[in-house]
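These notes concern the structure reproduced below.
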Amino acid sequence: MKITMPKQVAAIIGQLNQAGFEAFAVGGCVRDSLLGRVPGDWDITTNALPAQVKQIFRKTVDTGIAHGTVTVLLQGMACEVTTYRIDGDYEDHRHPKEVRFTGRLEEDLGRRDFTINAMAYSDRTGLVDCFLGKADLEKKIIRCVGNPACRFEEDALRILRAFRFASQLEFEIEPGTRQAAEAICGSLRMISMERITAELIKLLTGKRPELLADLHRMGVTEIFYPQLGEVRPYLLRSLAAAAPEKQARLAALFAAETEETAAAVLKTLKLDNETIRTVSVMVRHRDDPIPREKAQIRKILFLYGEALTNRIFANMRVKAEALADKDALGKLDQAEALCKEIIADGDCVSYKTLALKGRDLLSMGMASGREVGDTLAFLMDAVLQDPSLNQKDRLGAILSGRRPDKA
Ligand code: ATP
Ligand code: MG
C-alpha cells in the first residue's frame with residue numbers, strides 16, 4: 001500500500017528519519033489519500049521534540065509549541081510537524097489541562113477523534129492503522145477511537161465533527177458513536193463559537209447538509225440559531241439545491257428567514273463581515289420579482305457589482321428549484337442571459353465608466369459637492385436606463401436640457 005505524498009512531505013519525513021527520529025504523515029491527509037481525495041493539508045507526527053524539529057529545519061514557525069506543533073516551511077509548502085502526544089485530563093469539555101509528549105505513535109493515534117482520522121503513513125513503514133480506520137473507511141463509517149461517551153466528554157466539538165465528516169464524506173455515524181453524541185451534545189455549549197462555526201460550515205457545504213435536521217433534533221442548533229423553529233422539507237430542498245460552497249449554503253439555510261434574522265444568526269456565528277454582507281444581500285433579494293428588463297438588471301449590477309448580482313440570481317434559483325417553480329426557473333434563465341449580455345456589451349453600470357466625471361461637472365461651473373453628487377446620480381440613472389447615453393456630449397446635452405442627438 002503506497003500513498004503518494006508531495007515531495008516536500010517526503011523530504012521532511014526523510015530528514016527527520018535521517019536525524020534518527022520516527023515521522024509519519026497522519027490524520028486527514030492519510031484518510032483523504034486512501035479515499036482518493038486530494039488532501040487539503042499534510043500533517044506530520046514525529047517522536048522528535050519541538051526543539052529538535054527546529055534544529056533540523058532551516059525555516060520554522062512556532063505555531064503551537066506548547067502543544068508540540070512547529071510549522072516547517074520547505075520549498076513553498078507549510079507542514080505542521082507535531083510531536084507524538086497524549087492529551088491529559090480535559091477540563092470543561094474542551095481544553096486538555098496538559099498535553100504530554102510520548103515516544104509511542106500508537107498513543108498519539110489513540111488521542112485522535114475518529115478511527116478514519118487515526119492512521120499514519122510513511123514510505124518506510126507503510127500504513128499504521130491500530131484502530132482499524134481503513135476498514136471503517138471501506139464501510140463508510142465514522143466511529144470514535146475508544147469509548148465514544150468518554151471521547152465526547154473530553155471534547156464536545158467532536159460531536160459536531162462527527163456530523164461534518166459524515167456530510168463531507170457521505171458516511172454514516174456508527175450507532176454507538178451516534179448514541180453517545182446525542183446523549184452528550186449539551187456540552188457543545190462550552191465550545192467557542194469560532195470552532196462550532198468552522199465545523200458547521202463544513203457540514204453545510206458537504207454532501208449531506210440535511211444532517212442539519214439531526215443537529216436540530218438534538219438541540220444543537222439552539223446554540224447558534226435559536227430562531228430556527230422547525231427544519232422543514234423546504235429548507236432541506238433549498239440546501240440541496242444550493243451550490244456546495246459557504247455563501248450559497250448559508251443563504252439556503254435562511255431560505256425561510258428575513259434578512260434581519262439571517263444577519264443576526266451570522267453575527268452569532270461570528271462570521272466575517274464580507275460573508276455577512278454577501279449572505280444578507282442574497283436573502284434580502286430572494287423574494288423580489290425576477291427582473292425582466294435589462295435596465296432593472298443594470299441597476300442591480302450598479303448596486304452590487306457582477307459577483308454579488310450572480311449570487312443574488314443563484315439564490316433566487318435555489319428558491320425556484322426548492323419550489324419546483326418552472327416559470328421562475330425560465331425567467332431566471334432569461335435574466336441571467338440578459339445579465340451576460342450587459343457584461344459582454346460593456347454597458348456602463350458604475351460611476352467608474354460613466355462618461356462624465358465629477359471634475360467635468362465642476363469645470364462646467366457646478367459649485368457644491370452636493371450638486372455634483374446629485375447630478376452624477378441623475379446621469380447614472382439615465383445611463384442605466386439607456387447605455388447609449390453614456391457619451392460626454394449626450395450627457396452634456398441632457399444637462400443643458402436639450403434632447404440628446406440621436407446616436
Ligand atoms: P480537514 O481535511 O477538514 O482538515 P482533518 O481530519 O485534517 O480534516 P483537522 O481539524 O485538520 O481535520 O485535524 C487534523 C487531525 O487532528 C484529525 O485528522 C484528527 O486526527 C486530529 N484532530 C483534530 N481535531 C481533533 C479533536 N477535536 N479531537 C481529537 N482529534 C482531533
Ligand atoms: Mg486538516
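Read the numbers this way: they start at 1 and go in the same order the structure lists the ligands and their atoms. These values consider heavy atoms only, across backbone and side chains, with no hydrogens, waters or symmetry-generated copies.
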For Met5 and Ile13 the tightest heavy-atom approach is SD-CD1, 3.9 Å
Short version for Arg161: what comes under 4.0 Å of ligand 1, heavy atoms counted, is side chain
Atom 7 (O) of ligand 1 sits nearest the protein heavy atom Gly28 CA, 3.6 Å
Quick note, ring pair (Phe, Tyr, Trp, His ring centres under 6.0 Å) partners involving residues 318-351, not counting sequence neighbours, are Phe302-Tyr351
Ligand 1 to Lys202, heavy atom cutoff 4.0 Å, flagged ligand atoms 3 (O)
Heavy-atom proximity to atom 19 (C) of ligand 1 ranks first, among Asp155, Asp113, Val145, Leu169, for Asp113
* Contact check, Arg151 vs ligand 1, heavy-atom distance below 4.0 Å -> no
heavy-atom search around atom 6 (O) of ligand 1 in the protein gives Arg31 NH1, 2.7 Å
Protein heavy atom under 4.0 Å of atom 11 (O) of ligand 1: no
Atom 28 (N) of ligand 1 sits nearest the protein heavy atom Arg158 NE, 2.7 Å
In this structure, atom 14 (C) of ligand 1 is nearest to the protein heavy atom Asp43 OD2, 3.8 Å
Note: Phe165, heavy atoms under 4.0 Å from ligand 1, region reported as side chain
Applying side-chain contact (heavy atoms from CB on, under 4.5 Å) to Glu210 and not counting sequence neighbours gives Arg208, Leu236
So the atoms of ligand 1 within less than 4.0 Å of a heavy atom of Arg112 turn out to be 15 (C), 16 (O), 19 (C), 20 (O), 21 (C), 29 (C), 30 (N)
Taking only Lys NZ, Arg NE, NH1 and NH2, and the carboxylate oxygens of Asp or Glu, determine whether Glu172 and Arg178 approach each other closer than 4.0 Å.
no
Note to self: Would Arg164 count as a contact residue for ligand 1, given that I'm defining contact as a non-hydrogen atom of the residue lying under 4.0 Å from a ligand atom?
What the structure shows: yes
Correct closest heavy-atom pair for Leu105 and Val128 would be CD2-CG1, 3.7 Å
Handout entry: Derivation and outcome, side chain to side chain donor-acceptor pair (under 3.5 Å), residues Asn315 and Arg286
Key = CA-CA 6 Å; Asn315 192 46; Arg286 178 192 58 221; over 6 Å; no
Only one of His285, Arg277, Lys299 passes side chain to side chain donor-acceptor pair (under 3.5 Å) with Tyr304, and that residue is His285
Has the side chain of Arg298 got a donor or acceptor atom that lies under 3.5 Å from a matching backbone atom of Ile342?
no
shortest atom 20 (O) of ligand 1-to-protein heavy-atom contact is with Asn117 O, 2.9 Å
Margin query: With the threshold set at under 4.0 angstrom, would you say Leu157 reaches ligand 1 through any of its heavy atoms?
Written below: no
The atoms of ligand 1 lying under 4.0 Å from a heavy atom of Gly27, numbered in the order shown, are 18 (O)
Smallest heavy-atom separation, Ala166 atom then Ile173 atom, equals CB-CG1, 4.0 Å
- Message: So is Phe114 touching ligand 1 or not, going by heavy atoms under 4.0 Å?
- Response: no
| Under 3.5 Å, is there a donor-acceptor pair between the side chain of Arg394 and the main chain of Ser388? | yes
